[in-house]
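Letters A, B, ... mirror the listed sequences (proteins, then strands); counts begin at 1. Keep in mind that this is a model prediction, so the values were computed, not measured.
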Amino acid sequence: VFKVLNVAEKNDAAKRISDILSGHQYQVRNGLSRFNKIYEFNYYMLGQNCSISFTSLSGHLLNYDFTGIYRKWYSCHPLSLFDVAVEKNVTENMVDIKRTLEREVRNSQALVIWTDCDREGENIGFEIINICRNIKSNIPVYRARFSEITDRSIKSACNNLQQPDQRVSDAVDVRQELDLRIGAAFTRFQTLRLQKVFPNTLADKLISYGSCQFPTLGFVVERYKAREQFQPEDFWKIEVVHTITQNEADGPITSTFSWKRNRLFNELACQVLYANCETPVVATVTNVSSRPRSRWRPLAMDTVELEKLASRKLRINAKETMKIAESLYTQGYISYPRTETNSFPKDFNLERLVQEQTSHPDWGGFASRLLGLNGGPQPRNGHKSDQAHPPIHPTKAAPHLTGNNARIYELITRHFLACCHRDAKGQETSVEIEVGGESFSVQGLMIIERNYLEVYHYDRWNGKIIAVYEIGDQFEPTDVRMTSGRTTAPLLTEADLISLMDKHGIGTDATHAEHIETIKQRMYVGLTNDQRFLPGELGMGLVEGYDLMGYAMSRPELRAELEADLRRICDGTANKNDVLQRHISTYRSVFQEAIQKADKLDEALSAYFGDATRVEGSNLLNPSGASPPVRPCPRCGKDMILKKKRDGGFMLSCTGYPNCRNALFLPSSVLDITVDSSVCPNCQPSPVHQVNVKLNPRSIPAYFSSDQIICIGGCDDDVTNVLVLGSRGARPGTAAPRGGTREKRKMPTPAHPHPHSNENTPMCNCSEMAVVLTVRREGPNTGRQFYKCSKQSGGCDFFLWADDRQSPRQPATPPTSFSNHSTENTNPKKPCVIIFRPQQNAGSGDRMCKCNIQAVQRTVQKDGPNKGRVFYTCDKPRAEQCGFFEWEDAVPGSLVFGRHNTTPSYRLAQPSQYNTQQPNQPRPAGRSRKAPTCGLCREVGHTRRSCPNR
DNA sequence: GCAAGGTC
């Protein structure tokens with residue numbers, strides 16, 4: 001029998017669809033995830049009788065994240081987050097679901113995707129497909145398209161199975177990657193900086209940035225500021241009251257005439273006019289007119305309208321509303337609740353849906369009368385359509401709902417019935433009078449047909465009864481009074497905020513509510529007593545800070561541009577990678593400038609949090625001073641990044657440290673170096689980024705520009721030569737002989753211990769024998785021996801403790817008194833240690849925290865991958881803790897940038913000699929030189945200048 | 001400890 005695996009986006013949907021297809025005759029089996037069952041039945045699809053397994057996910061299975069160390073906040077400069085690799089991982093609590101899929105697909109012959117028919121659903125569909133194809137690469141895949149879980153829709157989808165749409169899924173990938181990179185970069189930047197700048201108030205705050213939460217915050221701030229700038233004004237007005245009993249049956253009727261001038265902002269002027277009207281005075285009716293009025297029935301309901309109505313009419317907030325709507329949908333009571341469509345298709349079977357409601361005790365009668373209307377249900381349609389889902393409507397009667405579920409269902413149903421009925425009709429009478437030279441008027445309303453209002457009790461259209469007047473009538477007003485008031489500008493309500501988000505495309509129907517929740521949680525905004533949004537100090541400061549920099553970070557336009565590009569990817573008019581790269585590039589530039597102008601952020605926030613603590617440049621971001629990757633490591637494949645050494649020099653270092661110790665030390669002639677976005681066409685493995693260098697002109701030959709973009713991947717002989725020349729102290733004007741008699745120059749040769757040398761003396765970075773010296777200065781290292789460059793002047797900055805060399809391939813164990821080393825500098829030339837992470841006595845239990853007291857051992861209690869893992873932390877009370885943290889099982893010294901970093905320098909690979917050697921294997925000793933590798937054709941034995949393929 | 005998007 002032909003077995004078909006069907007997968008829905010969530011268990012409720014799988015169950016509901018199985019129920020429909022099986023005619024309630026399905027078997028249930030447990031999957032590996034307790035939330036996602038497997039429903040089994042037989043069904044005719046794909047032209048034959050099939051044995052169906054129907055299981056589900058719980059939304060996305062996969063989530064983008066950075067790789068390896070880049071997940072750690074201090075691993076790199078946040079700028080790198082625009083460039084380092086990202087990967088999709090199975091979300092931790094989705095592993096069971098993935099394994100269920102893998103198990104089930106093994107004995108299936110076809111796969112049908114039943115995820116929601118929107119952008120995210122398409123992407124989730126591909127997550128399923130990729131997992132299944134990994135197990136069974138050639139399994140046929142189909143896509144069921146449906147917009148509501150009803151018999152008709154589901155069976156129709158089953159009879160018209162289609163193909164999944166890669167482009168739609170691509171668009172989601174782009175969004176996900178951008179959201180992660182931008183969000184993480186700015187969040188780390190803001191958080192790390194502001195925690196240091198305002199340690200008293202923000203030290204423990206997470207100050208997040210997100211492409212949706214920030215514009216949402218922006219709306220709140222913008223309205224608040226508009227209100228602040230708003231000048232409330234006092235105004236005055238006059239009204240005329242007339243109470244009369246025209247017939248005993250109606251009793252006395254009071255009509256309040258309002259002033260034609262509406263209001264005046266000058267009290268004196270108003271008083272002057274009022275003086276003429278004060279009783280006793282006679283009013284003369286100058287005009288009476290009557291005209292038909294109608295009140296429009298509501299438009300077909302989309303998600304935003306549902307959220308707004310629920311917030312306004314039912315006082316259920318948007319988040320709660322969507323949760324309920326989702327559940328009503330999966331129970332089959334309403335259509336898909338995430339829709340941008342407010343127009344019913346022409347051939348939509350409204351009668352059937354109205355018919356479903358005719359038995360309801362409250363609105364059944366109305367539904368019946370609606371069916372009996374001449375022309376039947378005629379929905380009031382808007383002009384929006386997402387081409388995927390119809391407007392929200394009830395799909396069947398729901399007699400047993402309770403609480404807010406019932407209230408939301410009722411809102412949707414009454415709205416639907418109202419929308420399909422007719423506008424309310426009335427007759428309005430307008431009476432104008434003149435009193436003391438001033439004109440006044442009053443409107444009365446007689447409702448003739450209530451129509452939709454009968455069912456839609458959320459709308460009020462009260463008839464207003466006024467007395468009967470005729471032109472020329474004269475009467476003495478019961479009262480003429482002068483009243484005063486004050487103009488106001490209101491703050492945003494939740495409904496207002498949702499409207500703005502919707503209008504500007506911030507978030508999706510499903511997430512409006514969550515973004516609002518986030519900015520509340522982050523203390524960016526708060527609510528007033530009457531539930532209106534008020535920005536907090538943090539929210540104000542952040543928005544103002546970026547405004548000061550000149551970036552519209554809190555404006556919705558940036559997100560809107562992305563949305564437009566995503567639509568282009570979906571319809572095939574834009575390429576996934578082009579869009580991705582363009583947006584990354586834009587945001588990278590913005591981010592770079594934001595860092596440069598970070599003082600503006602401090603400035604704006606100091607208006608709320610007091611004086612800013614001065615912090616130097618970008619140091620605060622990242623104590624390790626790392627930068628975006630230059631190239632993949634030829635040894636281990638991880639990224640190699642530029643790092644600044646404490647002495648000001650630069651190195652190219654593998655992020656796989658300490659497992660991979662590949663590195664390249666650059667000579668001191670390199671004054672500055674940054675990664676360029678351009679990629680070398682020759683060097684492998686690609687991408688090897690070119691770098692922007694500033695060289696000391698006094699240290700390089702005259703023919704070589706001191707400021708240029710070069711490749712340090714080893715393909716360029718000039719670069720290879722000059723960087724060595726530089727470190728050897730070439731003088732201006734001493735042009736290097738080209739390809740001539742002189743021995744070919746090498747890149748700076750790292751110091752190798754010389755196993756065959758008698759003294760076993762290490763080589764310095766100039767490839768010279770280092771000299772051994774002894775610490776003379778008083779201190780903990782007095783008498784200790786160290787190696788340094790032998791040259792008196794112009795030498796390199798090589799430094800190595802002699803006693804660190806004894807087992808050079810093991811990470812050195814720091815002395816127990818190590819915590820002093822950051823302050824006790826025994827080397828006149830360079831500090832002993834760069835403290836990045838607190839030092840500890842690796843391997844022993846008595847680790848010291850940053851406060852220099854013994855750290856305590858604790859065990860992770862929280863559920864998660866680290867549960868049960870032992871770590872060390874500061875022993876002080878939580879509020880006073882120094883932040884020290886160390887896994888008990890961490891590789892000793894793995895994140896410590898100290899003097900150990902100088903010791904393994906003998907392992908450095910030369911760029912022209914990157915090889916496939918495994919890390920930690922002995923390398924051939926000494927200074928023997930390999931044959932050159934051509935930068936163009938990669939053949940060994942010649943350079944690109946002499947390349948035969950050139 | 002970051003996002004937004006699914007979902008429980």
Peer 1: Any base atoms under 4.0 Å from A/R559, or only sugar-phosphate, or nothing? Heavy atoms, all strands.
Peer 2: sugar-phosphate
Peer 1: Of the nucleotides B/dG6, B/dC2, B/dA3, which has the atom closest to the A/F66 side chain?
Peer 2: B/dC2
Peer 1: Does a side chain donor of either A/Y551 or A/E593 reach within less than 3.5 Å of an acceptor in the other side chain?
Peer 2: yes
Peer 1: Within a strict 4.5 Å, meaning less than it, do heavy atoms of the A/V168 and A/C570 side chains meet?
Peer 2: yes
Peer 1: Side-chain N or O of A/R522 versus OP1/OP2 of B/dG1: is the shortest distance under 4.0 Å?
Peer 2: no
Peer 1: Pair up each side-chain donor or acceptor in residues 122-134 of chain A with any protein partner under 3.5 Å, not counting sequence neighbours, and list the distances.
Peer 2:
| residue | atom | partner | partner atom | Å |
| --- | --- | --- | --- | --- |
| A/E122 | OE1 | A/R143 | NE | 3.0 |
| A/E122 | OE1 | A/R143 | NH2 | 2.8 |
| A/E122 | OE1 | A/R145 | NH1 | 3.3 |
| A/E122 | OE2 | A/R143 | NE | 3.4 |
| A/E122 | OE2 | A/R145 | NH2 | 3.2 |
| A/E122 | OE2 | A/D165 | N | 2.8 |
| A/N123 | ND2 | A/S169 | O | 3.0 |
| A/N123 | ND2 | A/S169 | OG | 3.2 |
| A/N123 | ND2 | A/D173 | OD1 | 3.1 |
| A/E127 | OE1 | A/L61 | N | 2.6 |
| A/E127 | OE1 | A/L62 | N | 3.3 |
| A/E127 | OE2 | A/H60 | ND1 | 2.8 |
| A/N130 | ND2 | A/F126 | O | 3.2 |
| A/R133 | NE | A/S137 | O | 3.4 |
| A/R133 | NE | A/I139 | O | 3.3 |
| A/R133 | NH2 | A/I139 | O | 2.9 |

Peer 1: Taking CG from A/D173 and C1' from B/dA3, how many angstroms apart are they, rounded to a whole number?
Peer 2: 15 Å
Peer 1: So which pairs with a foot in residues 497-506 of chain A pass side chain to side chain donor-acceptor pair (under 3.5 Å), sequence neighbours left out?
Peer 2: A/K308-A/S499
Peer 1: Please give, in whole Å, the distance from B/dA3 C1' to A/F214 CZ?
Peer 2: 13 Å
Peer 1: If the cut-off is 4.0 Å, is A/H515 near the phosphate of B/dG5, judged by side-chain N/O to OP1 or OP2?
Peer 2: yes
Peer 1: Minimum heavy-atom separation for A/V543 to A/F214, with atom names?
Peer 2: N-CZ, 4.4 Å
Peer 1: Would you kindly compare A/Q195 and A/H60 by the position of their nearest DNA chain B nucleotide and give the one closer to the 5′ end?
Peer 2: A/Q195
Peer 1: Looking at the base of B/dA3, is there any donor atom on it, or on the side chain of A/N63, that sits under 3.5 Å from an acceptor on the other one?
Peer 2: yes
Peer 1: In the structure I gave you, are the side-chain heavy atoms of A/F533 and A/V525 within less than 4.5 Å of one another anywhere?
Peer 2: yes
Peer 1: Minimum heavy-atom separation for A/F591 and A/A185, please, with both atom names.
Peer 2: CE1-O, 3.4 Å
Peer 1: When the nearest nucleotide of DNA chain B is assigned to A/T191 and to A/E326 on a heavy-atom basis, which residue is associated with the more 5' position?
Peer 2: A/T191
Peer 1: Could you state the CG-P distance from A/L57 to B/dG5, rounded to the nearest angstrom?
Peer 2: 19 Å
Peer 1: With sugar-phosphate meaning primed atoms plus P, OP1 and OP2, does A/G121 contact a base, only sugar-phosphate, or nothing at under 4.0 Å between heavy atoms?
Peer 2: nothing
Peer 1: Before you tell me yes or no, could you show the steps for A/S327 and A/Q331 under side-chain hydrogen bond (donor to acceptor under 3.5 Å, both in side chains), namely the whole-Å CA-CA distance, both residues' side-chain angles and the distance that decides it to 0.1 Å?
Peer 2: CA-CA 6 Å; A/S327 126; A/Q331 294 173 76; 3.0 Å; yes
Peer 1: Between B/dC2, B/dG1, B/dG5, which nucleotide has the shortest distance from any of its atoms to the side chain of A/C212?
Peer 2: B/dG5
Peer 1: Give the rounded distance in Å between these two atoms: NZ of A/K319 and P of B/dA4.
Peer 2: 13 Å
Peer 1: Indicate, with a heavy-atom threshold strictly under 4.0 Å, whether A/E514 touches base, sugar-phosphate, or nothing.
Peer 2: base
Peer 1: Please state how far atom CH2 in A/W114 lies from atom C1' in B/dT7, giving the value in whole angstrom units.
Peer 2: 20 Å
Peer 1: Tell me: CD1 of A/I69 to P of B/dC2, nearest whole Å?
Peer 2: 20 Å
Peer 1: If the cut-off is 4.0 Å, is A/T508 near the phosphate of B/dG6, judged by side-chain N/O to OP1 or OP2?
Peer 2: yes
Peer 1: How many whole angstroms separate atom CG of A/D118 from atom C1' of B/dT7?
Peer 2: 12 Å
Peer 1: A/Y209 stacking on B/dA3: centroids under 5.5 Å, ring planes under 30°?
Peer 2: no
Peer 1: Where the side chain of A/S211 is concerned, which of B/dT7, B/dG1, B/dA4 is the nearest nucleotide?
Peer 2: B/dA4
Peer 1: Please list, by residue number, the residues of residues 174-186 of chain A whose heavy atoms come closer than 4.0 Å to an atom of DNA chain B; answer none if no residue qualifies.
Peer 2: A/R175, A/Q176, A/D179, A/L180, A/G183, A/A184
Peer 1: B/dG1, OP1 or OP2 - any side-chain N/O from A/S208 closer than 4.0 Å?
Peer 2: no
Peer 1: Check every atom of B/dG6, B/dT7, B/dC2 against the side chain of A/R338 and return the nucleotide holding the closest atom.
Peer 2: B/dT7
Peer 1: Given atom CG of A/D65 and atom P of B/dG5, what is their separation to the nearest angstrom?
Peer 2: 17 Å
